[in-house]
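Have a look at the structure below, then the notes.
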Amino acid sequence: MTPDQVRRDAATVEIGYAVVTGALLAAAVFCLVASPVLLLEPSRAVRHGLLVAASSAAGLAFAARAVRVLWRFGHPYPRRGRPDDGPHGPAYPAEGTAPRRGGGDGRPGR
C-alpha cells in the first residue's frame, strides 16, 4: 500500500466515524428535546414547536460533532514541537541526560 492510499483510507475511516457518531448524537438530542411530546399531551402548536426545536438541535449536534472529529483529524499535533513529545517534555531525552535520583543537585551531603 502506498502512503497516499493509507492517507485516503484513514480519511475515509475518519469520515465514517464522524458521520456515525454524529448521527447517534443527533438521535439522542432529538429524543431528549422531543420527549415531552411523548410524555405529555401538549397542544398541536406546542407539539409542532417542540419537534422543530428537536430537529434543529439534532442537526446542530450532528454538524458540531462531525466538524469537531474532522477538525481534530486534520490537526494531529495541535502544539508545536516534535510529534513524539509528551505533555511533560520529550519522550526520548537526549543521550547522557538521565534523570537524577532524589531530585537534588547531585552533590553528596547536601
### Query
If you round to the nearest 0.5 Å, how far is CG of Leu25 from CZ of Phe30?
14.0 Å
#### Entry: From Leu70 atom CG to Arg72 atom CZ, the distance as rounded to the nearest 0.5 Å
11.5 Å
### Query
What pairs with Glu41 under side chain to side chain donor-acceptor pair (under 3.5 Å), at least two apart in sequence or on another chain?
none
### Message
Starting from Tyr17 and following side-chain heavy-atom contacts under 4.5 Å between hydrophobic residues (I, L, V, M, F, W, Y), which residues can be reached?
### Response
Val69
### Task
Any salt bridge (charged side-chain N to carboxylate O under 4.0 Å, His left out) involving residues 42-68? Give me the pairs, sequence neighbours left out, ordered by first then second residue.
none
### Task
Would you mind listing every side chain to side chain donor-acceptor pair (under 3.5 Å) that reaches into residues 48-64, with sequence neighbours excluded?
none
### Where Leu50 and Val33 come nearest, the two heavy atoms and their spacing
CD2-O, 4.0 Å
### Query
In chain order, what residues pass the side chain to side chain donor-acceptor pair (under 3.5 Å) check against Arg7, with sequence neighbours excluded?
Asp4
## Note on the structure
Residue set satisfying side chain to side chain donor-acceptor pair (under 3.5 Å) with Ser35, at least two apart, ordered chain then number -> none
## Note on the structure
In terms of heavy-atom contacts, Ala61 and Val29 come closest through CB-CG2, 3.9 Å
### Summary
Of all heavy-atom pairs linking Phe62 and Gly22, the shortest is CD1-C, 3.2 Å
### Message
So which atom in Pro42 and which in Pro36 form the shortest heavy-atom distance, rounded to 0.1 Å?
### Response
CD-O, 4.1 Å
